[in-house]
K.L.:
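What follows is a single structure, and I will ask about it in a moment.
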Amino acid sequence: MSSSHILIVSVVLAVALSIPSVLGQTIDCQRPPRLVDPSLCCRDGGRDQIAEKCVQRIIGEGVKTGMPSLETSTCLAECILTTSQYIQDPQKLHLDNIRSNLSAKFSNDTAYVEAMTAAFTKCEPQSQRRLAAIQQSQPQHKCSPFSAIVLGCTYMEYFKNCPEHRWTQNADCDLAKTYVTQCGLGA
């Protein structure tokens, strides 16, 4: 699993983990299914130079295994969105930059661009609300949780609405998607 995938998984776990039925199976939202790497089920944009540079800047060379701490994941998310120029203000996304950047990187895959842009758009207001609640109940953090909340939500929304040509059809992936969809993870 790449460093950027570890980031995504840790952000998702930190932001949410809170399934009705898959082919007759009862889904228990309090007991998530076996963890699968989301990028193996729904191919994302792949390795990103900005994410790798942020991993080097925040974590460095030494850490290769294990999950980063919540604070480290938060700082990684902030570095990625800030360096990508996806954040307009401390708690506001620059949606035009997001669409433009994704369109340039994935000019042959409009379904991916639309799914990711829609996910960022849907997640921004919910992330702002979650951030306000966190700020009321927790002390100041080194890095703002906003970016981590946005990325966690965005990847959950993208996963739930994965373009068909990027989806891997198998039992583990289908169960994970059902869990995420039916248990209200994401926006």
Side-chain angles (χ1 to χ4, degrees), residues 3-20 27-33 35-39 41-42 44-45 48 50-51 54-55 57-59 67-99 101-102 112-162 176-187:
S3 301
S4 54
H5 291 131
I6 290 172
L7 164 70
I8 292 166
V9 170
S10 64
V11 167
V12 167
L13 291 174
V15 171
L17 276 186
S18 16
I19 291 189
I27 303 297
D28 180 356
C29 292
Q30 299 304 314
R31 298 183 60 187
L35 184 64
V36 296
D37 181 349
S39 68
C41 295
C42 182
D44 59 20
D48 182 277
I50 290 174
C54 288
V55 166
R57 186 179 326 151
I58 305 296
I59 297 178
M67 298 292 272
S69 69
L70 179 59
E71 184 72 26
T72 299
S73 297
T74 299
C75 292
L76 280 169
E78 184 175 87
C79 178
I80 291 166
L81 292 187
T82 301
T83 305
S84 299
Q85 298 180 349
Y86 284 9
I87 295 182
Q88 185 170 314
D89 294 317
Q91 298 173 22
K92 177 122 178 76
L93 294 176
H94 197 308
L95 295 170
D96 290 338
N97 280 5
I98 293 170
R99 179 178 291 283
N101 178 279
L102 292 173
Y112 174 75
V113 172
E114 291 305 315
M116 285 300 290
T117 302
F120 274 109
T121 301
K122 185 173 183 179
C123 288
E124 181 180 31
Q126 180 177 341
S127 298
Q128 291 164 338
R129 288 189 298 276
R130 285 185 180 169
L131 178 64
I134 288 170
Q135 288 175 330
Q136 289 177 355
S137 64
Q138 295 181 8
Q140 190 69 9
H141 298 274
K142 177 181 173 185
C143 301
S144 170
F146 178 72
S147 297
I149 296 167
V150 166
L151 282 181
C153 177
T154 298
Y155 278 94
M156 281 291 118
E157 283 302 310
Y158 172 67
F159 188 82
K160 289 192 295 191
N161 299 293
C162 184
K177 186 173 189 173
T178 300
Y179 176 81
V180 167
T181 302
Q182 293 183 2
C183 295
L185 301 182

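Throughout, residue positions are numbered sequentially from 1 according to the sequence presented.
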K.L.:
Could you give the distance from OG1 (Thr154) to CZ (Phe120), rounded to the nearest 0.5 Å?
P.N.:
4.5 Å
K.L.:
What's the separation between atom CD1 in Ile149 and atom CG in Leu131, rounded to the nearest 0.5 Å?
P.N.:
5.0 Å
K.L.:
Is there a donor-acceptor contact under 3.5 Å from the side chain of Asn101 to the main chain of Asn97?
P.N.:
no
K.L.:
With side chains defined as the heavy atoms from C-beta onward, is the minimum distance between Glu71 and Lys142 less than 4.5 Å?
P.N.:
yes
K.L.:
Could you measure the distance from the OG1 atom of Thr72 to the CD1 atom of Ile59? Nearest 0.5 Å is fine.
P.N.:
6.0 Å
K.L.:
To the nearest 0.5 angstrom, please state how far the CG atom of Leu93 sits from the CD atom of Gln85.
P.N.:
13.5 Å
K.L.:
How long is the gap from CD on Glu124 to CD on Gln88, to the nearest 0.5 Å?
P.N.:
8.5 Å
K.L.:
For Lys92, does its backbone N or O pair with a side-chain atom of Asp89 as donor and acceptor, under 3.5 Å?
P.N.:
no
K.L.:
Is a side-chain donor or acceptor of Glu78 paired with a backbone partner of Ser144 at a separation under 3.5 angstrom?
P.N.:
yes
K.L.:
Return the minimal non-hydrogen interatomic distance between Ala115 and Asn161, and the atom names on each side.
P.N.:
CB-O, 4.1 Å
K.L.:
Counting C-beta onward and ignoring hydrogens, is there a side-chain heavy-atom pair between Leu95 and Thr117 closer than 4.5 Å?
P.N.:
no
K.L.:
Ion pair present between Glu114 and Arg99, side-chain N to carboxylate O less than 4.0 angstrom?
P.N.:
yes
K.L.:
Between Gln128 and Gln91, is there a donor-acceptor pair closer than 3.5 Å when you use the side chain of the first and the backbone of the second?
P.N.:
yes
K.L.:
To check you understand the geometry: which heavy-atom pair defines the closest contact between Pro145 and Ile134, and what is its length?
P.N.:
CG-CG2, 4.2 Å
K.L.:
Which heavy atom in Ala176 sits nearest to a heavy atom in Pro33, and how many Å separate them?
P.N.:
CA-CG, 4.4 Å
K.L.:
Measure the shortest side-chain to side-chain distance between Tyr155 and Lys160 over non-hydrogen atoms and say whether it is less than 4.5 angstrom.
P.N.:
no
K.L.:
Measuring only between side-chain heavy atoms, which start at C-beta, is Tyr158 closer than 4.5 Å to Cys42?
P.N.:
yes
K.L.:
If you compare all heavy atoms of Arg57 against all heavy atoms of Cys79, which two are closest, and at what distance to 0.1 Å?
P.N.:
NH1-SG, 3.3 Å
K.L.:
Do you know the tightest heavy-atom contact between Val113 and Leu102?
P.N.:
CG2-O, 3.4 Å
K.L.:
Which value, rounded to the nearest 0.5 Å, describes the distance between Ile80 atom CD1 and Ile58 atom CD1?
P.N.:
9.0 Å
K.L.:
Under 2.5 Å between the SG atoms of Cys41 and Cys162: is that the case?
P.N.:
no
K.L.:
Please give me the minimum heavy-atom distance between Tyr179 and Asp28, naming the atom from each residue.
P.N.:
CE1-O, 3.9 Å
